[in-house]
Structures are given as C-alpha cells and as structure tokens.
Amino acid sequence: IEDSGQLSDIVRSAIESNQAAVEDYINGKETAVRFLIGQVMKKSKGTANPNSAEAEIIKQLKNELDNPKLDSKQFKAPSCGLVLNHIFYE
C-alpha cells in the first residue's frame with residue numbers, strides 16, 4: 001500500500017476490531033503492536049509495509065491515549081439520591 005490514507009483506514013479498522021490488543025498496549029504490553037501489525041497485514045492482504053503499519057499503529061494509539069473520545073453520563077442512584085459520573089470510552 002502506497003497511499004497513507006488507505007493505510008490509516010486499515011489501521012483504524014484493525015484497532016477498532018481488536019480492543020483487547022488496545023487494552024494490552026495501554027497496560028504496557030508492547031507485543032500488542034505486533035499483533036495489530038499482523039491484523040493490518042491480514043486486512044491489506046499482505047500489501048502493507050510492516051514498518052509503515054507499525055508507525056501508523058503507534059501514532060493512532062498514542063493519539064487515542066492523548067485525546068480519548070469520551071462520553072460522560074450521569075447516573076442517579078435511586079435509593080440514596082447520589083449522582084455518579086461515569087466516563088465511557090467509545
């Protein structure tokens with residue numbers, strides 16, 4: 001794949017489809033990136049450059065860590081009237 005936009009889309013798809021690997025990466029398991037490279041290679045049918053894929057995966061993961069998509073919701077516990085704020089990652 002020569003088109004960086006196409007590679008970016010494939011990486012995004014691999015990340016979205018493999019949240020367990022993303023959690024592993026967040027928890028310090030660098031080997032999760034290798035797994036995601038494999039997923040990108042599979043989705044690209046072997047046409048992606050593994051080095052470019054690795055760079056794009058790390059870029060997107062770090063961007064996600066620096067700028068998480070947050071959905072803040074409030075829940076009110078019915079019996080005690082407490083309001084709890086919960087943040088969910090999309």
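Basis for what follows: all heavy atoms, side chains included, without hydrogens, waters or symmetry-related copies.
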(message) Quick check for you: to the nearest 0.5 Å, what is the distance between Ile10 atom CD1 and Glu56 atom CD?
(response) 10.5 Å
(message) Quick one: does any side-chain atom of Asn18 pair with a main-chain N or O of Ala14 as donor and acceptor, under 3.5 Å?
(response) yes
(request) Mind checking side chain to side chain contact (heavy atoms under 4.5 Å, CB included) for Ala48 and listing every partner two or more places apart, or none if nothing turns up? (result) Ile1, Leu7, Val40, Met41, Ser44
(message) Nearest 0.5 angstrom please: Asn51 CG to Ile37 CD1, how far?
(response) 8.0 Å
(request) Go through the structure and list residues passing side-chain hydrogen bond (donor to acceptor under 3.5 Å, both in side chains) with Glu54, not counting sequence neighbours. (result) Arg34
(message) If I compare all heavy atoms of Ala21 with all of Ala32, which pair ends up nearest, and what's the gap?
(response) O-CB, 3.3 Å
(request) Any chance you could measure Lys59, atom NZ, to Glu64, atom CD, to the nearest 0.5 Å? (result) 13.5 Å
(message) If the condition is side chain to side chain contact (heavy atoms under 4.5 Å, CB included), which residues does Ile26 pass it with, not counting sequence neighbours?
(response) Val22, Glu23, Leu65
(message) Once salt bridge (Lys or Arg N to Asp or Glu O under 4.0 Å) is applied, do any residues pair with Lys29, and if so which ones, sequence neighbours excluded?
(response) none
(message) Which residues pass the side chain to side chain contact (heavy atoms under 4.5 Å, CB included) test with Lys62, not counting sequence neighbours?
(response) Tyr25, Ile58
(message) As an exercise, state the distance from OG of Ser17 to NZ of Lys42, rounded to the nearest 0.5 Å.
(response) 10.0 Å
(request) Using side-chain contact (heavy atoms from CB on, under 4.5 Å) as the criterion, point out the one residue from Thr31, Asp24, Ile57, Val11 that pairs with Leu36. (result) Ile57
(request) Name all residues meeting the side-chain hydrogen bond (donor to acceptor under 3.5 Å, both in side chains) criterion together with Asn49; count only those two or more places apart in sequence or in a different chain, and write none if there are none. (result) none
(message) Under a 3.5 Å threshold, yes or no: a donor from one side chain and an acceptor from the other, between Gln60 and Ser8?
(response) yes
(request) Not counting sequence neighbours, which residues clear side-chain hydrogen bond (donor to acceptor under 3.5 Å, both in side chains) with Ser13? List them please. (result) Lys43
